[in-house]
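Input: a single structure, listed below in structure tokens.
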Amino acid sequence: MNDKGTVNAVNNHEPLGLSDGQVIDMYRCMLQARKFDERNLLLQRAGKINFHVSGVGQEAAQVAAAFALDRQKDYFLPYYRDYGLVLAAGMTLRELMLSAFAKAEDPNSGGRQMPGHFGSKRLRIVTGSSPVTTQVPHAVGVALAAKMRKQELVTFVTFGEGSSNQGDFHEGCNFAGVHKLPVILMCENNQYAISVPIHKQLSGRVSDRALGYGFPGIRVDGNDVLEVYRVVKEARERAIRGEGPTLIEAMMYRLSPHSTSDNDLAYRTQDEVDENWKKDGVARFKQYLIDLGIWDEAKDVDLIAQLNLEIKEAIEYADNAPFPKPEDTLLHVYADREEEAN
Amino acid sequence: MAVMEYIDAIRLAMKEEMEKDENVFILGEDVGVKGGVFTTTKGLQAQFGEDRVMDTPLAESAIAGVAIGAAMVGMKPIAEMQYCDFMLPATNQIISEAAKIRYRSNNDWNCPIVVRAPIGGGVFGGLYHSQCAESIFFGTPGLKIVAPFTAYDAKGLLKAAIHDPDPVLYFENKKCYKMIKGDVPLDDYTVPIGEANMLREGSDITVIGYSMPLHFCLQAAEELEAEEGITARILDLRTLQPLDKNAIIESVRHTGKVLIVHEDNKTGGVGAEVSAIISEECLFELDAPIMRLCSPDVPAMPISPTMEKFYMLTKDKVKEAMRQLAIY
């Protein structure tokens with residue numbers, strides 16, 4: 001016991017330049033993503049929304065990475081499980097819920113895309129699609145534009161280990177390596193590509209592929225918030241120094257089924273899932289904060305109550321918000337004539 | 001005004017736009033020191049530097065995808081595909097991404113890329129240096145597709161494509177590069193995307209086409225008029241998407257007989273859609289069935305001279321089809 005009443009507590013965040021307030025903000029953000037995710041599963045089961053694709057088990061790494069970036073300047077190219085990432089980038093629960101309900105006000109797509117297909121120019125979250133890994137060359141292109149314009153920023157792109165097998169991953173990495181572009185590529189290796197386990201997707205490490213592209217590849221425990229923060233921060237510093245891209249493979253586990261249309265126990269066991277819940281990064285980070293004496297169960301209960309309230313308000317707002325007008329289906333195929341004149 | 005080759009007009013359009021706007025840049029395979037395998041970008045790297053005339057790794061999906069990323073943040077990339085035959089690795093980036101970026105983001109993002117790709121055969125290119133890829137992309141809302149025939153349009157349409165806030169596929173015909181010459185203004189002008197162009201007036205038949213085969217159509221029309229008194233009206237579509245419906249309908253109404261000509265194969269080609277438009281809009285004004293003259297429905301053009309000649313459209317093939325339609 002030390003003088004704060006904690007056990008064997010070593011402060012690992014201070015040496016990384018993180019204040020107590022910042023690590024608590026990180027925890028809040030990952031819990032926000034977790035609670036949003038869990039609630040959307042229920043909303044789908046209750047018939048309120050049509051679909052949900054989950055990121056439970058991946059929030060710790062997502063939020064840690066976002067906090068290591070410059071959230072006022074950098075560009076985010078997320079994939080569909082990145083609720084933690086986009087919340088950390090500034091998207092609100094209300095905005096995410098508008099997307100889940102496919103309402104007109106949804107800033108991601110105006111109710112056009114499935115949930116989990118993020119985009120917001122205001123937040124520099126680059127619009128994404130469903131064919132996986134197409135966003136990797138886009139991240140390289142945004143970084144190329146930044147380099148050409150001498151802008152000091154990085155692009156941060158994520159994808160799963162399944163989609164790391166796509167040609168666009170390879171083509172994007174190689175291009176970024178050749179031109180030493182400020183790109184950080186983070187593979188969220190959650191062990192499953194829908195139902196196909198990692199040993200049927202990969203015969204080596206994703207991070208080792210970086211060797212062939214001529215830049216560093218780092219494997220990190222994705223449930224270790226501060227380690228993910230550290231490697232992303234170092235990758236950003238390298239990128240800003242003009243030393244080029246970094247590939248990060250964050251190891252984690254997809255604790256939830258792939259989506260609301262998936263029964264994961266058809267291809268994995270409850271025991272396996274339960275074992276991985278014990279390694280959950282969010283719970284582990286909470287324990288770290290408690291051990292340091294800067295967090296406690298009472299505060300946690302308060303936080304959850306507060307998040308539940310925020311989610312409830314977001315649901316009420318999204319549920320009551322108008323759908324897009326049917327005929328708006330025809331809008332925005334091309335620029336309007338007036339826009340073209342500008 | 002200067003008389004120049006089609007390929008020089010394409011190069012001039014890029015040069016002028018790059019001088020005007022530092023956001024315009026070219027990326028592709030061999031576009032730099034070599035100036036492209038056809039010399040389309042010759043001299044541009046010397047003028048604008050390696051960053052703005054960028055030799056990329058040999059990977060078409062990255063060429064398109066990187067261009068898309070740069071375009072989304074305000075650059076104006078011109079991505080060169082060395083041959084349209086090698087463009088298919090980039091199809092997912094073009095169809096799933098570029099074409100849908102404005103729509104899927106509800107007008108938040110847009111993607112002003114130009115993808116240039118040479119089409120067409122008759123150069124002993126065999127199956128994979130001769131194709132016409134336009135029907136693969138045709139019918140994808142969100143894309144604009146142009147295919148100039150004249151040197152004037154080659155410059156004006158490329159400049160319009162670069163200015164356009166949406167993705168434009170620019171199909172240049174490699175047989176036209178040196179064969180087609182014409183007057184090209186040396187000042188700044190554009191040819192509007194979406195407008196067809198009447199190449200020749202006539203009252204007996206209408207020929208609708210685009211790109212290189214129009215060269216044969218024009219020759220055949222001159223001969224038919226001189227030899228047999230048959231006059232042909234020839235419409236150059238210039239833009240394949242969106243099609244200029246009014247111009248198509250108007251040109252057909254004028255003669256009541258229409259032949260549609262293109263080098264891309266017949267089934268599912270642009271001509272099928274032109275034919276459908278005519279059927280929907282002015283069927284009862286026709287005096288003969290709609291006729292199409294296109295390449296045969298085989299996978300692609302063989303290299304052997306006898307087979308290439310069989311595959312390709314020629315002046316004589318076009319002339320015979322025009323005559324048959326006129327005497328119907």
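Within every chain, numbering begins at 1; the chains are lettered A, B, ... in the order of the sequence lines, protein sequences first and strands thereafter.
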(request) Would you name the heavy atoms of A:Met148 and B:Asp51 that are closest together and state the gap between them? (result) CE-O, 3.3 Å
(request) Test side chain to side chain contact (heavy atoms under 4.5 Å, CB included) on A:Glu171 and B:Ser61 and set out the steps. (result) CA-CA 7 Å; A:Glu171 292 195 19; B:Ser61 187; 3.1 Å; yes
(request) Using the side chain to side chain contact (heavy atoms under 4.5 Å, CB included) rule, take B:Met75 and A:Leu144 through it: C-alpha gap first, then chi angles, then the decisive distance, then the call. (result) CA-CA 10 Å; B:Met75 300 297 287; A:Leu144 175 67; over 6 Å; no
(message) Is B:Asp108 close to chain A through its backbone or its side chain, or both, or neither, when contacts mean heavy atoms under 4.5 Å?
(response) both
(message) Are there over 12 heavy-atom neighbours, none belonging to A:Lys73, within less than 6.0 Å of that residue's NZ?
(response) yes
(request) Name the member of B:Met72, B:Glu60, B:Gln93 that forms the most heavy-atom pairs with chain A at distances under 4.5 Å. (result) B:Gln93
(request) Give the member of A:Ala104, A:Gly111, A:Gly128 that has the highest number of heavy-atom pairs under 4.5 Å with chain B. (result) A:Gly128
(message) If I measure from the heavy atoms of chain A, does B:Leu143 come under 4.5 Å with its side chain, its backbone, both, or neither?
(response) backbone
(request) Decide if atom OH of B:Tyr189 counts as having more than 12 heavy atoms of other residues, nucleotides or ligands within a radius under 6.0 Å. (result) yes
(message) Using heavy-atom distances under 4.5 Å, tell me whether A:Val333 contacts chain B through its side chain, its backbone, both, or neither.
(response) both
(message) Test side chain to side chain contact (heavy atoms under 4.5 Å, CB included) on B:Lys100 and A:Ser129; report intermediate values, then the result.
(response) CA-CA 9 Å; B:Lys100 294 174 176 62; A:Ser129 66; over 6 Å; no
(message) Rounded to the nearest 0.5 Å, what separates atom CG in A:Asp336 from atom CZ in B:Arg102?
(response) 7.5 Å
(message) Nearest 0.5 Å, please: how far is NE2 in A:His117 from OG in B:Ser105?
(response) 13.5 Å
(request) Check each atom of A:Thr329 against the heavy atoms of chain B and say whether the ones under 4.5 Å are side chain, backbone, both or neither. (result) both
(request) For residues A:Phe175 and B:Ala62, report the shortest heavy-atom separation together with the two atoms involved. (result) CD1-CB, 4.2 Å
(message) Looking at A:Tyr334 and B:Gly142, would you say the former's side chain and the latter's main chain have a donor-acceptor pair under 3.5 Å?
(response) yes
(request) May I ask you to name which of A:Ser120, A:Pro137, A:Ala146 has the most heavy-atom pairs under 4.5 Å with chain B? (result) A:Pro137
(message) Does A:Leu211, at its CG atom, have more than 12 non-hydrogen atoms belonging to other residues, nucleotides or ligands within less than 6.0 Å?
(response) no
(message) If you count heavy atoms of other groups shown closer than 6.0 angstrom to NZ of B:Lys20, is the number above 12?
(response) yes
(message) Donor-acceptor check, side chain of A:Arg112 to backbone of B:Tyr103, threshold 3.5 angstrom: yes or no?
(response) yes
(message) Atom CD of residue position A:Glu327 - does it have more than 12 heavy atoms of other residues, nucleotides or ligands inside 6.0 Å?
(response) yes
(message) I'd like to know if the side chain of B:Asn106 reaches the main chain of A:Asn108, judged simply by a donor and an acceptor atom lying under 3.5 Å from each other, with no hydrogens or angles considered.
(response) no
(message) Tell me if the CZ atom of A:Phe323 is crowded by more than 12 foreign heavy atoms within 6.0 Å.
(response) no
(request) Could you pull out the closest heavy-atom pair between A:Ala145 and B:Val73, with the gap in Å? (result) CB-CG2, 3.6 Å
(request) To the nearest 0.5 angstrom, please state how far the OG1 atom of B:Thr56 sits from the NE2 atom of A:His179. (result) 7.0 Å
(request) Determine whether more than 12 heavy atoms belonging to other residues, nucleotides or ligands lie under 6.0 Å from atom CG of A:Asn50. (result) no
(message) With chain B as the partner, which of A:Val178, A:Val140, A:Val126 has the greatest number of non-hydrogen pairs under 4.5 Å?
(response) A:Val126
(request) Below 4.5 Å from any heavy atom of chain B, which atoms of A:Leu331 appear? Answer side chain, backbone, both or neither. (result) backbone
(message) Given heavy-atom pairs under 4.5 angstrom as the criterion, report whether the side chain, backbone, both or neither of B:Glu22 touches chain A.
(response) neither
(request) Take atom NZ of B:Lys245 as the centre, draw a 6.0 Å sphere, and report whether it contains more than 12 heavy atoms from other residues, nucleotides or ligands. (result) no
